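What follows is one structure encoded as structure tokens, with my remarks underneath.
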There are 2 protein chains.
Amino acid sequence: MSNTLPLNEAEMRAWRAVIDGSWHLQTRLDDELRAATGLSISDYHVLVLLSEAPDRRLRMGGIAGRLVFSPSRLTYQISAMEKRGLVRRQPCPDDRRGSEAVLTDAGLDALRQAAPGHLTAVRRYLVDDLDEAEAEVLTRVFTRLQAKLRETQ
Amino acid sequence: MSNTLPLNEAEMRAWRAVIDGSWHLQTRLDDELRAATGLSISDYHVLVLLSEAPDRRLRMGGIAGRLVFSPSRLTYQISAMEKRGLVRRQPCPDDRRGSEAVLTDAGLDALRQAAPGHLTAVRRYLVDDLDEAEAEVLTRVFTRLQAKLRETQ
DNA sequence: CGCTGGTCGTTCAGATTTTAAGGAAGTAGG
DNA sequence: CCTACTTCCTTAAAATCTGAACGACCAGCG
């Protein structure tokens, strides 16, 4: 139940800072990652997801759900990565409608090569400037946000 | 000068929460705004920017800079909005290379109609859950982030 | 002036994403 | 089994976005 007053000034400032800041940050990280490795931030996210998945494989729908990709976008994304040898596609064993994306060795290599630089950028732009309390607040606020987004579908 | 250690667990948690959370939030707000008003979040941002500008007009480059849009994207964006009557394009008086986008009355109406619902959504997903201290931290962190991004171009 | 080098938007081709429409399989009720 | 209904993913066409190339213009200099 949220009230419908316009945001007050502090709220507005916080809100705009978050929206603008996170957007600019995404853009910058994507640019740097592309320049350094040829991977887009989407490629990178897919690689991370698969690398952490049991047996390095996930259903299409699972990936799409986590990355908030439309099914067709995911199809395109995985196809593109498949062409470059980063992932392989396999029919899903227990559900013949579905297919799985599997991380290849080349894909894992690409991730291992990209990660340090990317994380350094994350550090440079954000993490290094956070003190412990700030990190804690960010984690709390954004985790709560995600929970709220999920619970409303 | 940032160190090159991998992120520790708390840092990683904070980082991922921010990235995922802000991305999901953007997506959700865009979806709701589209459904309610037919405006994309980009349309909305352009409208807000122009509505706050002196004389309701801005140079193309000025808009592109603030929204982190490529020049060609901005051209496309403004053209699309022009077709719908939300903005008008005018040659820039003091620099004949440039052009300005001017908010039309219809554009201002569209914004006024869209804003309350959008702000309510912002409230529902984020602002209402923030206490004062949290809002303050978010403002501080993301403002600092933007400054850092700007200073490295 | 006439040149040179830079800036401002636009345009065009190509890449990416969305939307709508299927095809193939799973699931439940009769 | 059949029939409907649903889910999973892909395809095709349309919308949007990016990057390179361009034309028009500004600014500085000889």
Side-chain angles (χ1 to χ4, degrees), chain A residues 23-24 26-35 38-46 49-50 53 57-84 86-102 153, chain B residues 23-24 26-35 37-46 49-50 57-84 86-102 153:
Chain A
W23 170 248
H24 287 224
Q26 292 264 22
T27 307
R28 178 66 61 88
L29 289 174
D30 186 61
D31 289 349
E32 293 196 3
L33 185 62
R34 268 176 206 281
L39 295 172
S40 71
I41 209 71
S42 297
D43 295 333
Y44 185 86
H45 285 327
V46 171
L49 219 48
L50 288 176
R57 71 180 55 222
L58 283 174
R59 288 286 292 262
M60 291 304 224
I63 304 176
R66 283 167 187 262
L67 297 184
V68 199
F69 276 24
S70 68
S72 53
R73 178 177 179 183
L74 206 271
T75 295
Y76 182 90
Q77 171 75 42
I78 295 295
S79 300
M81 293 179 74
E82 198 174 19
K83 273 181 202 150
R84 289 184 287 158
L86 301 173
V87 303
R88 219 163 358 112
R89 221 189 283 249
Q90 287 197 329
C92 184
D94 38 319
D95 182 345
R96 269 181 303 174
R97 290 169 305 178
S99 51
E100 298 181 321
V102 189
Q153 294 152 44
Chain B
W23 170 248
H24 286 224
Q26 292 265 23
T27 307
R28 178 67 60 88
L29 290 173
D30 187 58
D31 289 348
E32 293 195 2
L33 185 63
R34 268 176 207 281
T37 69
L39 295 173
S40 71
I41 211 69
S42 296
D43 295 333
Y44 184 85
H45 284 327
V46 170
L49 218 47
L50 288 176
R57 71 181 55 223
L58 282 173
R59 288 286 292 262
M60 291 307 212
I63 304 177
R66 281 167 189 260
L67 297 184
V68 198
F69 276 24
S70 67
S72 52
R73 178 177 180 184
L74 206 273
T75 295
Y76 182 90
Q77 171 76 42
I78 296 296
S79 300
M81 294 179 74
E82 198 175 20
K83 273 182 202 151
R84 288 184 287 158
L86 301 173
V87 301
R88 220 163 359 110
R89 222 189 283 250
Q90 287 198 328
C92 185
D94 38 319
D95 182 346
R96 271 182 301 175
R97 289 169 305 179
S99 50
E100 298 182 322
V102 189
Q153 294 155 41

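Just so it is clear, the model here is predicted, and its values are computed rather than measured. Letters go in sequence order (proteins before strands), and every chain restarts at 1.
- Here the options are His24(A), Arg28(A), Gln26(A), the test is side chain to side chain contact (heavy atoms under 4.5 Å, CB included), and the partner is Val68(B); only His24(A) passes.
- OP1 and OP2 of dC8(D) both lie 4.0 Å or more from every side-chain N or O belonging to Arg96(A).
- Atom CG of Asp94(B) and atom C1' of dA24(D) are 16 Å apart (whole Å).
- The shortest distance between the side-chain N/O atoms of Ser70(A) and the OP1/OP2 oxygens of dT17(C) is not below 4.0 Å.
- In this structure, Phe69(B) places its CZ atom 16 Å from C1' of dG9(C), rounding to the nearest Å.
- Atoms CD1 (Ile63(A)) and P (dC8(D)) sit 14 Å apart, rounded to a whole Å.
- For Arg59(B) and dC8(C), the shortest distance from a side-chain N or O to OP1 or OP2 is not below 4.0 Å.
- In this structure, Met60(B) atom CE and dA24(D) atom P are separated by 18 Å, rounded to whole Å.
- Looking at Trp23(B), its side chain never comes within 3.5 Å of a backbone N or O of Trp23(A) through a donor-acceptor pair.
- Note: CD1 (Ile78(A)) to P (dC8(D)) measures 16 Å, nearest angstrom.
- In this structure, Leu67(A) places its CG atom 14 Å from P of dC9(D), rounding to the nearest Å.
- The Arg97(B) side chain lies nearest to dC26(D) when the options are dC26(D), dC9(D), dG9(C).
- The side chain of Arg73(A) places no N or O atom within less than 4.0 Å of a non-bridging phosphate oxygen (OP1 or OP2) of dT10(D).
- Of the possible donor and acceptor atoms, one in the side chain of Asp43(B) sits under 3.5 Å from a partner among the backbone N and O of Ser40(B).
- Contact of Ser72(A) with dT19(C) (side chain to base): a donor-acceptor pair of N or O atoms is detected under 3.5 Å.
- Among the heavy atoms of the strands lying under 4.0 Å from Ser99(A) are primed sugar atoms or P, OP1, OP2 only; no base atom is included.
- DNA chain C is contacted by both Pro71(B) and Ser42(A); Pro71(B) maps to the nucleotide lying nearer its 5′ end (nearest heavy atom per residue).
- Whole-Å rounding puts the Ile41(A) CD1 to dC17(D) P distance at 19 Å.
- Both Ser79(A) and Asp95(A) lie close to DNA chain D; mapped to their nearest nucleotides by heavy-atom distance, the more 5′-ward contact belongs to Asp95(A).
- The existence of a salt bridge linking Glu100(B) and Arg57(B) is confirmed by a sub-4.0 Å separation between a basic side-chain nitrogen and an acidic carboxylate oxygen.
- When the P atom of dC9(D) is taken as reference, atom CG of Leu58(A) falls 11 Å away, rounded to whole Å.
- Of the possible polar contacts, none joining the Gln90(A) side chain to the Ala101(A) backbone as a donor-acceptor pair under 3.5 Å is found.
- Summary of the strand contacts: Arg34(B) and Tyr76(A) both lie near DNA chain C, and taking for each the nucleotide with the nearest heavy atom, the more 5' one is attributed to Tyr76(A).
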